[in-house]
Amino acid sequence: MFTGIVTDVGRVRAVRDTNRDRRFEIETAFDVASLALGASVSHAGCCLTVVETGEGWFAVEVSGETLSMTTLGDWHEGRRVNLERAARVGDELGGHIVSGHVDGVGEVLSVESEGGSHRVRIRAPRPLHRFIAPKGSITVEGVSLTVNEVEDDVFGVNLIPHTWDVTTLGEMKPCGRVNLEIDMLARYVARLAEFGKP
C-alpha cells in the first residue's frame, strides 16, 4: 500500500527486453541498502517488485499486461519517474490509501497557469470516469490529488507549486498520457451499489 506522496523522482537508466517481458533499471536517491529484494515500490503509480539492486539504482521486471495497461510501455532511458516506497504501519498518511494498481490511462487535455498553481484537465477512459467525483481523491502518475470538478469523462485538478516542482507532473503537456488510479473507497462503494440493484 502507498499514500500517493512521492518521495523521490528517479530516472530510467536502462531498458532491456527479457524472456519474461521487460526490465527497467531505475536510478534513485533512496537508500538502496535498505531496499530489500522483493520490496514494492510505486513507479508513476504502478506497484513493481524490486528484483536487483546496485549502487544508487534498483531493477524491476514488468509483464506484458502491465506494459499494455499503463504508460510504462512508453518508458525510455532518461525518463523521470515518480517513486514512492511502500507505506509502513505507523507512517503518516499524508495523501490517501493507494494500492499501486493502475486502473487506466488518462489523456491530458490542458495545462493552465492559475496564480502560482496550475490547473490540469484530464480525460479518463470509460467506464472509469464513473468513479471520479468532485472533492474525491485520485492518483495521477502516483501522486495523490483532490478532484476539483468533473464533467462527463473529464476531470480537473489543481497543482500547487510544491507538487508541480517536486514530481514529474510539472512535465505534463496536452495530449500526454498519465496513469490513473481511482479512490479505493469509490471502487467498493460502486461495487456494493451494484449488489443492491434488483
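Atom OG1 of T139 and atom CZ of F2 lie 11.0 Å apart (nearest 0.5 Å). Between the CD1 atom of I132 and the CG atom of L180 there is a distance of 6.5 Å, given to the nearest 0.5 Å. Expressed to the nearest 0.5 Å, how far CZ of F58 lies from OG1 of T28 amounts to 5.5 Å. Rounding to the nearest 0.5 Å gives a distance of 5.0 Å between SG of C46 and CG of L72.
Not less than 6.0 angstrom separates the ring centroid of F24 from the ring centroid of H76.
The pair R23-E52 meets the salt-bridge criterion, since a charged nitrogen lies less than 4.0 angstrom from a carboxylate oxygen. Classification of E61 and R22 as a salt-bridged pair fails, no side-chain N sitting under 4.0 Å from a carboxylate O.
Within the 4.5 Å cutoff, the side chain of V98 has heavy atoms near those of the E181 side chain.
For T70 (side chain) and T66 (main-chain N/O), a donor-acceptor pair under 3.5 Å exists by modelled atom type.
Identified under the salt bridge (Lys or Arg N to Asp or Glu O under 4.0 Å) test for residues 65-79, with sequence neighbours left out: D74-R177.
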Donor-acceptor contacts, no H, no angles, side chain residues 115-128, under 3.5 Å, sequence neighbours left out:
unit_1 : atom_1 : unit_2 : atom_2 : d
H118   : NE2    : S113   : OG     : 3.4
R119   : NE     : E114   : OE1    : 3.0
R119   : NE     : E114   : OE2    : 3.3
R119   : NH1    : E149   : OE1    : 3.2
R119   : NH2    : E114   : OE2    : 3.1
R123   : NE     : D153   : OD2    : 3.4
R126   : NH1    : H129   : NE2    : 3.3
R126   : NH2    : D152   : OD1    : 3.0
R126   : NH2    : D152   : OD2    : 2.5

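For R11, the salt bridge (charged side-chain N to carboxylate O under 4.0 Å, His left out) test picks out E27, with sequence neighbours left out.
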